Q: 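Before I ask anything, let me first share the structure, which is written out below as structure tokens.
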2 protein chains.
Amino acid sequence: MQDNEKKNKKQEIYREAAKLFMEKGYNAASMRDLADRVQLKASSLYSHIGSKEEILVKICFDNAHRFTEGMDKVEKMNCNTAEKIESLLKLHIRTAIEETTAVTVFNDEWRHLSEPYLSDFISMRKDYENRFRKIIKLGVEEGDLKNVNAEVMLYSLLNSVHWLHKWYKPEGKIKAEELEKDIIEMLMGGVKIER
Amino acid sequence: MQDNEKKNKKQEIYREAAKLFMEKGYNAASMRDLADRVQLKASSLYSHIGSKEEILVKICFDNAHRFTEGMDKVEKMNCNTAEKIESLLKLHIRTAIEETTAVTVFNDEWRHLSEPYLSDFISMRKDYENRFRKIIKLGVEEGDLKNVNAEVMLYSLLNSVHWLHKWYKPEGKIKAEELEKDIIEMLMGGVKIER
DNA sequence: GTCTATAACTTGATAGAC
DNA sequence: GTCTATCAAGTTATAGAC
């Protein structure tokens, strides 16, 4: 029972830390801030966690794994490249909606990781981007996608969905399904009506 | 002459501060770091500037004004909405290329402004977004643009160009003209080839 | 204008009573 | 497990000699 309570407190600390890092940024968020939010003194946090950075490490790598696993599945799909890209975009959009705080920290605060975490994180991200780029290049070769620089296409797509959390509020007017549909339509088909 | 040297030193401090804020983030960048880069002791910085925040304020508002002025010009243009949006996208792309460090700080670090700067900054940004949204809504009404939620279109476009500095290096393989052409083609016309 | 010295404060983390 | 007390290090900024 006590063990269970401790686990709950630990989860609560992680959850509130993610929110705090999102709101203030990792460096500006202090352990005293965090302690206030979970109704503890700062020193008591250390009965549940080892360090401030431990929290950042967990958030960053949990999310990195999520995207890596998503990529594993997409690569195995038996469909054309445009559909693969749509699947990846959906993965980003859904994660941004369902795990807003975690994704925000993952996107904005990873650079405050110290070594060796920082290097590991960067290689995981590079690996993900390489696999995404490969799909784009194949799509261009096969005539599925427009002949635009693969680098430009990769990051234009990723940026559009990567920073969703900066403006989209799941509790707002726009429903998740509409968001997903409209973004995919825009990115895949463009904004302009030809006439 | 001495006055001139002081001015140069001040500019040097501002320039290096922007780089430092970009590399480490505003909070993680210390005045000692900055002093090292301009070959001064930290205390000597205060002969040239008033405070650390003063630098952040200048960077943020200089860039906010740049975009506001760009919007002024676009609104006065005598052309259709699709062309207006293209012009705004070009403004973002060119600024990201020409003023990489300043734009990075403007995008990533504005939230560390304290009041009243923070509120002022947020209203300027909201104002800019409102004017951009108005153009999009008119474009949809007039049949220039696809009937996609204006909010989604606004932020998908803005995100694509807003975070260019996260990956695009002006000294790399991709030329500025190619970047501009490809992004505009992609965003306006989509990535997919219909067949 | 630049320096040394330092004020005043905040930071992450630990020691030890209970 | 939580607390009070505290440490060591780092922060922005200032005072005052030169």
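What you see is a predicted model, and the numbers here were worked out from it, not measured in a lab. Each chain gets a letter, A, B and so on, in the order its sequence line appears, and its residues count up from 1.
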Q: Under 3.5 Å, is there a donor-acceptor pair between the A/Asn27 and A/His112 side chains?
A: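 A/His112 and A/Asn27 do have a side-chain donor-acceptor pair below 3.5 Å.
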Q: Take the protein atom CG of B/Leu56 and the nucleotide atom C1' of D/dT12, then report the distance between them rounded to whole Å.
A: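 Between C1' of D/dT12 and CG of B/Leu56: 15 Å.
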Q: Give A/Leu45 one of three labels, base, sugar-phosphate or nothing, depending on what nucleic acid heavy atoms sit under 4.0 Å from its own.
A: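 The residue A/Leu45 makes no contact with any strand.
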Q: To the nearest angstrom, how far is B/Glu53 atom CD from D/dA13 atom C1'?
A: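 So the two atoms are 14 Å apart, to the nearest Å.
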Q: Can you check whether B/Ser30 has a side-chain N or O nearer than 4.0 Å to OP1 or OP2 of D/dT11?
A: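 B/Ser30 to D/dT11 OP1/OP2: side-chain N or O found under 4.0 Å.
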Q: Going by heavy atoms closer than 4.0 Å, what residues in residues 31-39 of chain A are next to DNA chain D?
A: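 Nucleic-acid contacts, sorted: none.
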Q: In whole Å, what is the span from the CD atom of B/Glu12 to the P atom of C/dT2?
A: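 Those two atoms, CD and P, are 10 Å apart.
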Q: With sugar-phosphate meaning primed atoms plus P, OP1 and OP2, does B/Ala29 contact a base, only sugar-phosphate, or nothing at under 4.0 Å between heavy atoms?
A: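 Sugar-phosphate, backbone atoms only, no base.
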Q: Charged N to carboxylate O under 4.0 angstrom, A/Glu151 versus A/Arg133?
A: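 Answer for the salt bridge query: yes.
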Q: To the nearest Å, give me how far apart NE2 (B/His48) and C1' (C/dG1) are.
A: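 Interatomic distance, NE2 of B/His48 to C1' of C/dG1: 6 Å.
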Q: So with a 6.0 Å cut-off around NZ of B/Lys169, is the heavy-atom count from everything else above 12?
A: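 Yes, enclosed.
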Q: Residues of residues 15-27 of chain B with any non-hydrogen atom less than 4.0 angstrom from an atom of DNA chain D: list those, numerically ordered, please.
A: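 None, since no heavy atom is under 4.0 Å.
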Q: Is the shortest heavy-atom distance from the side chain of B/Arg125 to the side chain of B/Glu129 under 4.5 Å?
A: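 Yes, at least one pair of side-chain atoms sits under 4.5 Å.
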Q: Sort out for me which residue in B/Trp163, B/Phe106, B/Tyr168, B/Tyr128 forms a ring pair (Phe, Tyr, Trp, His ring centres under 6.0 Å) with B/His92.
A: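 Testing B/His92 for a ring pair (Phe, Tyr, Trp, His ring centres under 6.0 Å) against B/Trp163, B/Phe106, B/Tyr168, B/Tyr128 leaves exactly one candidate, B/Tyr128.
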Q: May I have the distance from A/Lys9 (atom NZ) to D/dC3 (atom C1'), rounded to whole angstrom?
A: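 Distance check: A/Lys9 NZ to D/dC3 C1' gives 14 Å.
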Q: Would you say the side chains of A/Thr81 and A/Glu142 form a donor-acceptor pair under 3.5 Å?
A: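 A/Glu142 and A/Thr81 do not have a side-chain donor-acceptor pair below 3.5 Å.
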Q: Just to verify, which of B/Trp110, B/Tyr26, B/Tyr14 counts as forming a ring pair (Phe, Tyr, Trp, His ring centres under 6.0 Å) with B/Phe21?
A: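 For B/Phe21, the ring pair (Phe, Tyr, Trp, His ring centres under 6.0 Å) check succeeds only for B/Tyr26.
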Q: If you round to the nearest 0.5 Å, how far is CG of A/Leu88 from CE of A/Met77?
A: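 It is 8.5 Å, given to the nearest 0.5 Å.
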Q: Please tabulate, one pair per line, each protein N/O and nucleotide N/O from nucleotides 14-18 of chain D that are separated by under 3.5 Å, including the distance.
A:
none

Q: Identify the two heavy atoms, one from B/Lys146 and one from A/Gly190, that lie closest to each other, and give their separation to 0.1 Å.
A: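 Closest approach of B/Lys146 to A/Gly190, heavy atoms only: NZ-O, 3.0 Å.
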Q: With heavy-atom distances below 4.5 Å as the criterion, would you say the side chains of A/Arg131 and A/Asp72 are in contact?
A: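 SC-SC contact between A/Arg131 and A/Asp72 confirmed.
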Q: Looking at C/dT4, C/dT2, C/dA13, which one has an atom nearest to any side-chain atom of B/Lys41?
A: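 Nearest to the side-chain atoms of B/Lys41, counting from C-beta on, is C/dT4.
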Q: When you measure from the side chain of A/Lys52 to the backbone N and O of A/Ala29, does any donor-acceptor pair fall under 3.5 Å?
A: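 A pair under 3.5 Å: yes.
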